[in-house]
Amino acid sequence: HYIQGRFAVSAEELTTQELMSDLVNLQILSDRRKRELGYLLEQADLVKFARMQPQPKSAEKILNVAQQWVTAVEQDHGEVAG
């Protein structure tokens, strides 16, 4: 929802690969932010599609990384997430 709202990319119905391809084509994010997002989406895919059950500490770490990513993206684009 964040990516869709922030960058006007219809992300909800896209696969991770399709979303990453759209972001590359639109040149919205820096290479670093794209790599970070790719990692986050791969982790989410493991849970969603491979039914991986991360340990609580691992899940908390990924959530923190995602929150840091959103904050960094907002800073990159001249705004601070609230």
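Because only heavy atoms are used, hydrogens play no part in the values below, and waters and symmetry mates are left out as well, while side chains stay in.
For R33 against W69, the heavy-atom pair with the smallest separation is O-NE1, 3.1 Å.
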Which donor-acceptor pairs under 3.5 Å do side chains of residues 41-66 form with protein atoms, sequence neighbours excluded?
residue: D45; atom: OD1; partner: T16; partner atom: OG1; Å: 3.2
residue: D45; atom: OD2; partner: T16; partner atom: OG1; Å: 2.6
residue: N64; atom: ND2; partner: E60; partner atom: O; Å: 3.4

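The side chain to side chain donor-acceptor pair (under 3.5 Å) check on R35 picks up nothing, with sequence neighbours excluded. Applying the side-chain contact (heavy atoms from CB on, under 4.5 Å) test to S10 and every residue at least two apart in sequence or in another chain returns nothing. With sequence neighbours excluded, no residue forms a side-chain contact (heavy atoms from CB on, under 4.5 Å) with Q68.
Looking only at side-chain heavy atoms (C-beta outward), K34 and D31 come within less than 4.5 Å of each other. Side-chain contact between L37 and I3 is present, with at least one heavy-atom pair separated by less than 4.5 Å.
Under the 4.5 Å side-chain heavy-atom criterion for Ile, Leu, Val, Met, Phe, Trp and Tyr, I28 and Y39 are members of the same hydrophobic cluster.
The number of heavy-atom neighbours closer than 6.0 Å to CD of Q4, taken from other residues, nucleotides and ligands shown, is above 12.
Sorted by first then second residue, the ring pair (Phe, Tyr, Trp, His ring centres under 6.0 Å) pairs that include residues 2-28, not counting sequence neighbours, are F7-H77.
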